[in-house]
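Keep in mind that what you see is a predicted model, and the values were worked out from it rather than measured. So you know, we letter chains A, B, ... as the sequences are listed, proteins then strands, and number each from 1.
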Amino acid sequence: MNTKNTAFATAIICWQKRYGRHNLPWQCDNPYHIWLSEIMLQQTQVTTMLPYYQRFLRRFPDVHRLARAHTESVMAVWSGLGYYARARHLHATAKIIACKGFPQNAASWQTLPGVGKSTAAAITIFAGGGHHAILDGNVKRVLTRVFAIEQPTNKAATIHTLWKLADSLLPTHNIKPYTQGLMDLGATVCVRVSPRCEACPLSKQCLARQRGIERRLPHRSPRPIKSVRHIAMALIYHHNKVWLQKRPHAGIWGGLWSLPEKEATADLRDYCCKKFGDTLTPREEMAFTHTFTHYHLHAKVLCYACYKPPTSSPTAKWMQKGALADAALPAPIKKLLLAFFAP
DNA sequence: AACCCGGGGTT
DNA sequence: AACCCAGGGTT
């Protein structure tokens, strides 16, 4: 019978002790700090999120302060960090926690908005008591390489295999340094391009390295070709202000402020005419393209000067050009507006 | 600028 | 199980 692979965990725990990160501000026993850090670390590196983390905690020192805050101020503090759905989910979860207290196990954590299986596992491990596998991008990379898993990692069956493998590798003790070590190793040594195998504690047991295929892993099956989608947007300005609409929470750029948008330019002109009447003067046209996972978005932007603006409403408002940089806008819209108002 | 990537949510 | 969404990193 094959014995349990303890060499993997042992090597990581030992490496973590000497080379891992030990002084991160959320390495404490405050579940609020740990939860916030894990959300901010989704799709984001430590060096990027660190100043945001500090700023966020100064503004919202505990979960009750966060729960009581207005969504707008949460989004404003999050501004610049990207992936704004994380901020919306964080706020929604804060309200639940303020009412019902912090979850006491991973399964309960995972029912909360923005907390998936891996994040729930990490939070409960670092907050103390949890004993679960994690499987984020770093861990996937380490596992597919050390065990030479060549199946495409964007397939459910492979993900399932990786979870099983991660479960089987869990050590009985030292779960915190093990988990932190796995994350740190993937982030600093077993990186996607140019892995630093000479500095890796697993290099001797790494099957991908033995076979010389570490750079080809993890493997993904190709994605379908992207289509192109055309839309029309209106940039309506009044002195140094621009007319923005709040987007619905579902769909792209959910909950962010953006320009009025229609499928076709004719529809857009109709809308502008109805909304602003003859107070609008057509100016130049602009355009941009933005690529999503599944399609290229091509936007034609009709610019109008407006001399008599309508008043704001909950879902539409005028924004000063000075407020654009810190506002919750989609990245391409922010870029376009900053360019438009640039001196 | 093109290409690659990966977390949670939705269907 | 497959697809959707978002923005940063790398080349």
Whole-Å gap separating P (dG8(B)) and CD (Gln110(A)) | 8 Å
Do the charged groups of Arg141(A) and Glu214(A) touch, with an N to O distance under 4.0 Å?
-> no
For Ala85(A) and Ser194(A), take the nucleotide of DNA chain C holding the closest heavy atom to each; which residue's nucleotide lies nearer the 5' end?
-> Ala85(A)
So, is Arg192(A) close to the dG9(C) phosphate, meaning a side-chain N or O under 4.0 Å from OP1 or OP2?
-> no
Taking only the side-chain nitrogens and oxygens of Lys140(A), find out if one of them lies under 4.0 Å from OP1 or OP2 of dC5(B).
-> no
Which whole-number value in Å describes the distance from His219(A) NE2 to dC5(B) P?
-> 10 Å
Between atom CD1 in Ile123(A) and atom C1' in dG7(B), what is the gap in whole Å?
-> 13 Å
Check the surroundings of atom CZ in Phe288(A): do more than 12 heavy atoms from other residues, nucleotides or ligands lie under 6.0 Å from it?
-> yes
Do any N or O atoms from the side chain of His91(A) and from the backbone of Leu66(A) form a donor-acceptor pair under 3.5 angstrom?
-> yes
Salt bridge present between Glu150(A) and Arg216(A) (N-O < 4.0 angstrom) | no
More 5' along DNA chain C: Leu81(A) or Ala157(A), using each one's nearest nucleotide?
-> Ala157(A)
Met75(A) CE - dG7(C) P separation (whole Å) = 10 Å
Which part of the nucleic acid, if any, lies within reach of Thr153(A) when heavy atoms closer than 4.0 Å are counted: base, sugar-phosphate only, or nothing?
-> nothing
Base, sugar-phosphate, or nothing for Arg86(A), non-hydrogen atoms under 4.0 angstrom?
-> nothing
Of the listed dG9(B), dG7(C), dA1(C), the closest approach to the His89(A) side chain comes from dG9(B)
Could you state the CZ-C1' distance from Arg141(A) to dC4(B), rounded to the nearest angstrom?
-> 12 Å
Would you mind telling me which of dG8(B), dG7(C), dC5(B) lies closest to the side-chain atoms of Ser118(A)?
-> dG8(B)
Options dG8(B), dG9(C), dG9(B), nucleotide nearest the side-chain atoms of Gln45(A) = dG9(C)
Return the value, rounded to whole Å, for the distance between atom CG of Asn154(A) and atom C1' of dA1(C).
-> 12 Å
Nearest to the side chain of Asp136(A), which nucleotide is it out of dG9(B), dG7(C), dG7(B)?
-> dG7(B)
Among dG9(B), dT10(C), dG7(C), which is the nearest nucleotide to the side chain of Pro113(A)?
-> dG9(B)
Counting heavy atoms from C-beta on, name the nucleotide in dG9(B), dG7(B), dT10(C) closest to the side chain of Gln43(A).
-> dG7(B)
Interatomic distance where CD1 belongs to Ile159(A) and C1' belongs to dA1(C) [whole Å] | 12 Å
What's the NZ-C1' distance between Lys117(A) and dG9(B), to the nearest Å?
-> 16 Å
Could you tell me which nucleotide pairs with dA1(B) by Watson-Crick or G-U wobble geometry, both distances under 3.5 Å, or answer none if nothing does?
-> dT11(C)
Base, sugar-phosphate alone, or nothing: which one does Thr48(A) contact when heavy atoms must sit under 4.0 Å apart?
-> sugar-phosphate
Report, as yes or no, whether the 6.0 Å neighbourhood of atom CD on Glu263(A) holds more than 12 heavy atoms from other residues, nucleotides or ligands.
-> no
Using a cut-off of 4.0 Å on non-hydrogen atoms, how would the nucleic acid contact of Gln42(A) be classed: base, sugar-phosphate, or nothing?
-> sugar-phosphate
Take Ser118(A) and Asp136(A) through the side chain to side chain donor-acceptor pair (under 3.5 Å) test and state the conclusion after the steps.
-> CA-CA 6 Å; Ser118(A) 190; Asp136(A) 64 6; 5.4 Å; no
